[in-house]
Amino acid sequence: MTTVENEDTPTKLDFVRSIVAEDGKTGKWDCRVHTRFPPEPNGYLHIGHAKSICLNFGIAEEFQGKCNLRFDDTNPAKEEQEYVDSIIEDVKWLGWDWEERLYFASSYFQQMYDYGLELIKKGKAYVCDLGPEETRNHRGTLTEPGRESPYRNRSVEENLDLFKAMKIGAFADGAKTLKAKIDMAHPNLNMRDPVMYRVLHASHHRTGDDWCIYPLYDWAHGLEDSLEGITHSICTLEFENHRPLYDWFLDALEVHHPQQIEFARLNLTYTLMSKRQLLRLVEKGLVRGWDDPRMPTISGLRRRGYSPAAIRNFCKTIGVNKSNSTVDMALLEHCLRQDLNKTSPRVMAVLNPLKIVITNYPMSQVDELEAINNPEDPDAGSRKISFSRVIYIEREDFMEDPPKRFFRLAPGREVRLRYAYLITCTKVVKDEDGQVTELHCSYDPETRGGNAPDGRRIKATLHWVSAAYALDAEVRLYDHLLANENPGDLDEGEDLSANLNPDSLKVITHCKMEPSLGETEPFCRYQFERLGYFCTDPDSTPSRLVFNRTVTLRDPWAKVQKQEQNQKQSQKS
RNA sequence: UGGGGAAUAGUGUAAUGGCAGCACGACUGACUCUGAAUCAUUUAGUCGAGGUUCGAAUCCUCGUUCCCCAGCCA
């Protein structure tokens, strides 16, 4: 088994790391490892990019190599500075460092142009006058060979003159292209005289109007890698068909030639992972923006309350290979809870309040009780919480007529209030419609702190907030954005909005928070005890608190209820 | 119907001719001042058919299924 010593545990190597390790042994690249993460700034990064980021930066780190952050900004029609800024922020937030190596493909435009001249001089490229449609017609089909362009055999001088004229803007958009002279009968369509440059009079977000020709991916990408001295150029599976062309260009120019390696992109259940689709969600206003907490974008996950550690651990856990697969969202959530459980301070918050009057508790008395901040982390310490005569508990924690598996509060039943007292429900108060409006309970003064001196067993512990000290807050509950577990199954033309989960966002107001939350700041993460992990939204202000539910706690009771509901439904039908 | 890839429990991923393992999920139980966490238990897999071999997920042959490619997008 191939392994690398990583801290104290040996880790199995995926197929990419195996190649890198093998190259290290044979000295193929003088024991250098240099990767790059090359996003196009035409959208926000998502969890699928995180897989690529962790692969590229992770390999560099593990093999004492380097990883560049490089923007592949060769198409001014789609790219914007806003995207550049967000990408930089997101990669940084994930915890990776490219040191001084922040690069842009657009900085290489002159060198690429010079290489273009060189290829023409070698007789391996030509200027073609065929328009887009004619080019397509000449390409042939999957089963039939293409036809050579009538401009294919122009002289080197003529090609040089025309290419230079293209550069200075002598032609209209689409009028001419520079093509590689390869093989119009090649079974791989990418090798049938691919276009290297198009005429495009567009303003670029970095180079402005300096250029009116722009290089295409196949031509540009290998050059970018070569110029930066990349050793392993890692990309996704759909570029496998392009590798012969990647190799052809670099061989033709006889320059540094990295190895392209392809891996399968990430798919997640209930998740759309194409930038095009995500852009549609944003543009149609079906979400609040790229950072909507329901979006699989890095900025969306951050706002939702994900931690970088959770995402990185997820990327490590899913592995890397060449087969298409769809990872269960439950695995992402598992990695999330695993990290949040260790790191999140506990607080008490009541989302759907039910008022309780402790009838035998003195009117003006206040108890200062001690609550542990994080049982998983002794260093997190403790805090004081105030108990008084009127408190709120979760409405779902009381049932007037409880089923047998429900062991929370019910008439005549005794439960524990977390860190406080044992209380017994003595009276249910209702309005005219029969709705429960409040409960009367008695407390046992001997149980201060939550312990019964006689050692009697209490099955349920409830979270609560003291009414006199409670803070009001808005809480946003999220569910899958998509109704369909495999949204990839959608047809291209299918209406996106028809596949959205109508219950993906529920906003609750007038939730009751313990007072320590008054000092919260955006992006602070908490566990609301017994409910889940929550994160302060950037919309939150001291006078108007707003929290996002990141993910619920695992909840067997909710599962039982769901099963019973389903059983009732299937009995009906 | 051309070319390039990929198939291992429900899901993801190891095993590179030598005991099919791990994680998630699901199930059952223990514990519990969070119905969380933790611990224990169970469930369940090599795409198919041949062949080589003492021995095949792995090698060979023939199939099957799925993904990618006909942008002057990346």
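Numbered from 1 within each chain, the chains take letters A, B, ... in sequence-line order.
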If you only use heavy atoms from C-beta on, which nucleotide in [options] is closest to the side chain of [X]?
X: A/Lys459; options: B/C68, B/U32, B/C73; result: B/U32
X: A/Asn241; options: B/C69, B/C27, B/G21; result: B/C69
X: A/Pro375; options: B/U34, B/A70, B/A74; result: B/U34

Distance below 4.0 Å between [X] side-chain N/O and [N] OP1 or OP2:
X: A/Arg243; N: B/C69; result: no
X: A/Thr74; N: B/A74; result: yes
X: A/Arg346; N: B/U34; result: no
X: A/Arg337; N: B/C24; result: no
X: A/Arg198; N: B/C73; result: yes

Separation of the C1' atoms in B/G63 and B/A7, to the nearest angstrom: 14 Å
Which part of the nucleic acid, if any, lies within contact of [X], taking any heavy atom under 4.0 Å across all strands shown: a base, the sugar-phosphate backbone alone, or nothing?
X: A/Ile318; result: sugar-phosphate
X: A/Glu333; result: nothing
X: A/Phe528; result: nothing

Ion pair A/Asp339/A/Arg312, N-O distance below 4.0 Å: no
Base partner of B/C24, which must satisfy Watson-Crick or wobble distances under 3.5 Å: B/G10
Pairing partner (Watson-Crick or G-U wobble, both distances under 3.5 angstrom) of B/G29: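 Pair assignment: B/G29 / B/C39.
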Enclosure of A/Arg265 CZ (heavy-atom neighbours >12, cutoff 6.0 Å): no
Contact check, side chains of A/Pro194 and A/Asp218, non-hydrogen atoms, under 4.5 Å: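 Contact flag for A/Pro194/A/Asp218 side chains = no.
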Ring centres under 6.0 angstrom apart (A/Tyr113, A/Tyr197):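 No - the distance between ring centres of A/Tyr113 and A/Tyr197 does not fall below the 6.0 Å cut-off.
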